[in-house]
Undergrad: 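Take this structure, written in structure tokens, and hold onto it; I'll ask about it next.
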2 protein chains.
Amino acid sequence: MDAYDAGGHDAGDYDPRAFPPFAVTVDLAVFTVRDGELQVLLIERGQEPYKGARALPGGFVLPDESAGRAARRELAEETGLSARTTAALHLEQLRTYSDPDRDPRMRVVSVAYTALVPDVPEPRGGGDAAHAQWMPYGGHGPLAFDHDRILADAHERIGAKLEYTCLATAFCPAEFTLGELRQVYETVWGVELDRPNFRRKVLTTPGFVEAVAGGARLTSGRGKPAALYRAGPANALHPPLLRPEGRHTP
Amino acid sequence: MDAYDAGGHDAGDYDPRAFPPFAVTVDLAVFTVRDGELQVLLIERGQEPYKGARALPGGFVLPDESAGRAARRELAEETGLSARTTAALHLEQLRTYSDPDRDPRMRVVSVAYTALVPDVPEPRGGGDAAHAQWMPYGGHGPLAFDHDRILADAHERIGAKLEYTCLATAFCPAEFTLGELRQVYETVWGVELDRPNFRRKVLTTPGFVEAVAGGARLTSGRGKPAALYRAGPANALHPPLLRPEGRHTP
DNA sequence: CCAAAAGTGTTGGGCCTACACCCATGG
DNA sequence: CCATGGGTGTAGGCCCAACACTTTTGG
């Protein structure tokens, strides 16, 4: 213990062999909105422990890459999407999970990331790529390790970020209707929003969305065709778009 | 590379010796409000690299503790405060910094924490404890490693959290005046707030503060004695206490 | 008496909720 | 022609920024 104290990178002597060895991994909480419900990308474990249980995709951080790069690489591998596609996706560090007992085999510190993707085609199992599949959020059994907690933290985070960032557009394709955007909010928050007020709010927030010139599209066949919009240049929402009753709807 | 892929904890074979070795540390961004200005706890490095430069306090995570426990332990060691005192302090995980080149000696992944402390006595250099000292935020030179960025991220985070949490009371002693609480906001945000409106806002937010029965105290000698308050049971502010002009004042 | 800080009151305007109402399309 | 969803308008109310004013202390 004293050896480690003395080896602190802030002061004292330094011995490269004195540090306690850790494995560092990334875990991914990847969300999408499909069929009007929130879905999450999960894999099925083939090995003990937790064999047969669902888990978040993830893997080791390599010696020459940052955790963020590792997360993007794993995302590409698990979804089977091209590197060009995944490079544009929204990926955000959530937090780091470091309980000594979180992995029964050894000491693993995991940096969790949250990714939001539009309704992409089903992840292909092409080549080496994974058996990852979309499952409704909450409609899966208990997950392996501490992944239930990671997933819950991720859900809470994106719910909060929808309030004061333009993040919702990350769930939508390049061009989308305001109805689709509203459905993102309703699905993640689990509430219904007033359509006219939502529209005004979004359109009066500078840089949130911008109209597409000629476009008009039908969402589900019925009703008046809706105008199309693109994501705007803004990152933050001023003022924020708060969910109805105070906080949370867990 | 393939060996590491196959060793991923989500699938495939698993070899405990195949994982890339990392050192895991914690770094602490400890803030206080002293003399009406925001100050941060820094140490001076005695070793290369960055010998003589200022840095954030921190150290290795031990094999049998979580990063959070390591952060609290380091905080106690650096400030010289008793374990009972530090156990009550607000400590929050900021984010993890994992750039491969962030430490020139070896691969170090650091989990950064932010701590908010009231105006405690100068950290004693007692016993083994550190040469840590308070310095005005921004009034120090460039820091070692990527600590400038960590510190900037921490400042942004606490500024944002003041808006929608009761965090500001963590900067105050057990009993405080509304003037002291307002000074916390003004100091961290770098703006002036309207006193009457601030008072109303705080008092009408349920659970933010509660009045101390008989108390009344003078802040700086001059003026009418102010009533004393304690931190209330609430954690979040509804509605939030937004800073004046949109975002940021960097 | 004056300066400084605490505390109370008031008012005008902005924003937002909650509706009512038209428009365009598919069946 | 009716159900469905897009889009516009409007009235009421709540909240809040701004500022005037009183109170209580130290010098």
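Residue numbers begin at 1 in each chain, while the letters A, B, ... track the order of the sequences.
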Undergrad: Check side-chain hydrogen bond (donor to acceptor under 3.5 Å, both in side chains) between Asn235(A) and all other residues, then give those that pass, not counting sequence neighbours.
TA: none
Undergrad: Does a nitrogen or oxygen in the side chain of Arg182(A) sit under 4.0 Å from OP1 or OP2 of dG5(D)?
TA: no
Undergrad: My understanding is that only residues two or more places apart in sequence, or in another chain, count here; which of them pass side-chain hydrogen bond (donor to acceptor under 3.5 Å, both in side chains) with Arg182(B)?
TA: Glu186(B)
Undergrad: What is the distance, rounded to the nearest whole Å, between atom CG of Leu203(B) and atom P of dC15(D)?
TA: 16 Å
Undergrad: Using the test side-chain hydrogen bond (donor to acceptor under 3.5 Å, both in side chains), find all partners of Thr96(B) that sit at least two apart in sequence or belong to another chain.
TA: Thr96(A)
Undergrad: Provide a list of protein-nucleic acid N or O atom pairs under 3.5 angstrom, restricted to nucleotides 9-14 of chain D.
TA:
from	atom 1	to	atom 2	distance (Å)
dG9(D)	N7	Arg200(A)	NH1	3.2
dG9(D)	O6	Arg200(A)	NH2	3.0
dT10(D)	O4	Arg200(A)	NH2	3.4

Undergrad: Using atom CZ of Arg195(A) as one end and atom P of dT8(D) as the other, report the distance to the nearest whole Å.
TA: 12 Å
Undergrad: Tell me, please, which residues at least two apart from Arg149(B) pass side-chain hydrogen bond (donor to acceptor under 3.5 Å, both in side chains).
TA: none
Undergrad: Provide, to the nearest angstrom, the distance between the CZ atom belonging to Arg222(A) and the P atom belonging to dC2(D).
TA: 14 Å
Undergrad: How many Å lie between CG on Leu241(A) and P on dT17(C), as a whole number?
TA: 9 Å
Undergrad: Rounded to whole Å, how long is the line connecting atom CD of Glu180(A) with atom C1' of dG5(D)?
TA: 12 Å
Undergrad: Could you tell me how far apart Glu192(A) (CD) and dT17(C) (P) are, to the nearest whole angstrom?
TA: 15 Å
Undergrad: Once salt bridge (Lys or Arg N to Asp or Glu O under 4.0 Å) is applied, do any residues pair with Lys161(B), and if so which ones, sequence neighbours excluded?
TA: Glu92(B)
Undergrad: I want to check one thing: is the phosphate of dA4(C), taken as OP1 and OP2, less than 4.0 Å away from some side-chain N or O of Lys224(B)?
TA: no
Undergrad: Does either side chain, that of Asp119(B) or that of Thr32(B), offer a donor lying less than 3.5 Å from an acceptor on the other one?
TA: no
Undergrad: Using whole Å, what does the distance between atom C1' of nucleotide dC16(D) and atom NZ of Lys201(B) come to?
TA: 8 Å
Undergrad: What is the distance, rounded to the nearest whole Å, between atom CZ of Arg199(A) and atom P of dA20(C)?
TA: 20 Å
